[in-house]
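Presented below is the structure to which this report refers.
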Amino acid sequence: MPAHIAIVMDGNGRWAKKRKRPRNMGHQAGLKALRATIEHCVHLGVETLTVFAFSSENWSRPASEISRLMEIFLRALDKEANELHANGICLRFIGDKTAFKPAIEKKMSEVEALTINNNRLVANIAVNYGGRWDITQAATQIAKAAAEGRLSPDDVDEFQFAKFLALAESPDPDLFIRTGGEMRISNFLLWQSAYTEFYFTPTLWPDFDKQVLDQAITAFHSRERRYGRTSDQVKGFTGA
Ligand code: IPE
Ligand code: IPE
Ligand code: MG
């Protein structure tokens, strides 16, 4: 089983449009799909799930869509936190949280504190997240530590660098799923997905279910992860 699955939950707007409904209905339906996906991941024994809920670029959307999204997000935090906690889910929010209204920022911290000791599944929710933001904020922290003499520039290697990234506590994702048919990363986990297996599906996020997740996992099992080695090496054959 992939220990860590990352998902770009895309296609909410198109799902709503197909039904001649406003885009926020698609986001609402997307929330249901997320709840079901968390449940299924727990059931499968996945250890970490990281989902892209709002990107640093999504602020460019119409103000009305952003405010609807924020309402849905805040309401979901209020409504779902206790049940997620009861089910042993540890919730973490990754991204630049300072951009949110104080009420949302406070709620995110409360939910993180409530669920911090849970260990059935770590669910990282990426909000106002961007892979470039992540790498840049890590570089800033490292530069500050070096300037203050807490870290020597010569000690900064990949391993040390990763400790300053938003997902420092989680292993790199094994499987990266994007719904909605686009085949791009859209500034999600740039650093962390160096050796992640990608799976793209045309299924729109609100229609994502167990079956599609199982298909993605089946595809993952058929991949040979070589990390730069030859296929023979991976299969354990020796020889030149
Ligand atoms: C993903 O669905 C959710 C967010 C980015 C918040 P979209 O809203 O991007 O849906 P499409 O891609 O327009 O269908
Ligand atoms: C990526 O989807 C971000 C999220 C799913 C939160 P977008 O819909 O924003 O991506 P682009 O604009 O199609 O690349
Ligand atoms: Mg989209």
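Remember, it's 1-based here, ligands and their atoms both numbered in the order they're listed. Each residue takes its place number in the sequence, starting with 1.
- The distance between the ring centers of Phe188 and Trp133 does not fall below 6.0 angstrom.
- The shortest non-hydrogen separation linking Ile89 to Ala123 is CG2-CB, 3.9 Å.
- Neither the backbone nor the side chain of Glu57 comes within contact range of ligand 2; no heavy atom lies under 4.0 Å.
- Considering all non-hydrogen atoms of both residues, Leu121 and Cys41 come closest at CD1-CB, 4.2 Å.
- Contacts between Glu182 and ligand 1 below 4.0 angstrom, taking non-hydrogen atoms only, are absent altogether.
- Residues Val212 and Leu34 share a single hydrophobic cluster, defined by chaining ILVMFWY side chains whose heavy atoms lie under 4.5 Å apart.
- For the residue pair Ile185 and Leu189, the shortest heavy atom distance occurs at CG2-N, 4.5 Å.
- Within the listing of ligand 2, atoms 10 (O), 11 (P), 14 (O) sit less than 4.0 angstrom from a heavy atom of Ser186.
- Residue Ala53 touches ligand 1 through its backbone alone, judged by heavy-atom distances below 4.0 Å.
- Relative to the ring axis of Trp15, Arg19 places its NZ or CZ within 45° and under 6.0 Å from the centre.
- Within a 6.0 Å sphere centred on CG of Asp157, other residues, nucleotides and ligands contribute more than 12 heavy atoms.
- Looking at Asn12 next to ligand 1, an N or O pair under 3.5 Å apart turns up.
- Between Phe200 and Phe176, the ring planes lie tilted relative to each other; the angle falls in the 30° to 60° range.
- Shown in contact with Val8 at under 4.0 Å from a heavy atom are these atoms of ligand 2, numbered in order with element: 1 (C), 5 (C).
- Comparing Arg23, His27, Glu65 against atom 13 (O) of ligand 1, the shortest heavy-atom distance belongs to Arg23.
- Scanning the protein heavy atoms around atom 10 (O) of ligand 1, the nearest turns out to be Gly13 N, 2.9 Å.
- In the model, Gln215 has no side-chain atom that pairs as donor or acceptor with a side-chain atom of Thr201 under 3.5 Å.
- Within a 4.0 Å radius of atom 8 (O) of ligand 2, the protein contributes at least one heavy atom.
- Here atom 14 (O) of ligand 1 lies nearest to Arg14 when heavy atoms of Met9, Lys18, Arg14 are compared.
- Of all the heavy atoms of Phe188, none lies under 4.0 Å from any atom of ligand 2, so neither backbone nor side chain is involved.
- By the neighbour-count criterion of 12 heavy atoms within 6.0 Å, atom NE2 of His43 is sparsely surrounded, having that number or fewer from other residues, nucleotides or ligands.
- By the criterion of a heavy-atom distance under 4.0 Å, neither the backbone nor the side chain of Leu204 is placed next to ligand 1.
- What sits closest to atom 12 (O) of ligand 2 on the protein, heavy atoms only, is Arg184 NH2, 4.5 Å.
- Within the structure, the closest approach of Arg178 to ligand 2 falls below 4.0 Å when heavy atoms are considered.
- Using modelled atom types, one finds a donor on one side chain and an acceptor on the other under 3.5 Å when comparing Ser55 with Asn58.
- Against a heavy-atom cut-off of under 4.0 Å, Phe54 is close to the following atoms of ligand 2: 6 (C).
- At least one N or O atom of Asp10 sits closer than 3.5 Å to an N or O atom of ligand 2.
- Listed by first and then second residue, the salt bridge (charged side-chain N to carboxylate O under 4.0 Å, His left out) pairs involving residues 182-207 are Arg14-Glu182, Glu182-Arg184, Glu197-Arg223, Glu197-Arg225 (not counting sequence neighbours).
- Contact annotation for Arg61 and ligand 2: only side-chain heavy atoms (C-beta onward) come within less than 4.0 Å of the ligand.
- Neither the backbone nor the side chain of Lys17 comes within contact range of ligand 1; no heavy atom lies under 4.0 Å.
- Around the Mg ion (ligand 3), the protein atoms of type N, O or S that sit closer than 2.8 Å are Asp10 OD1.
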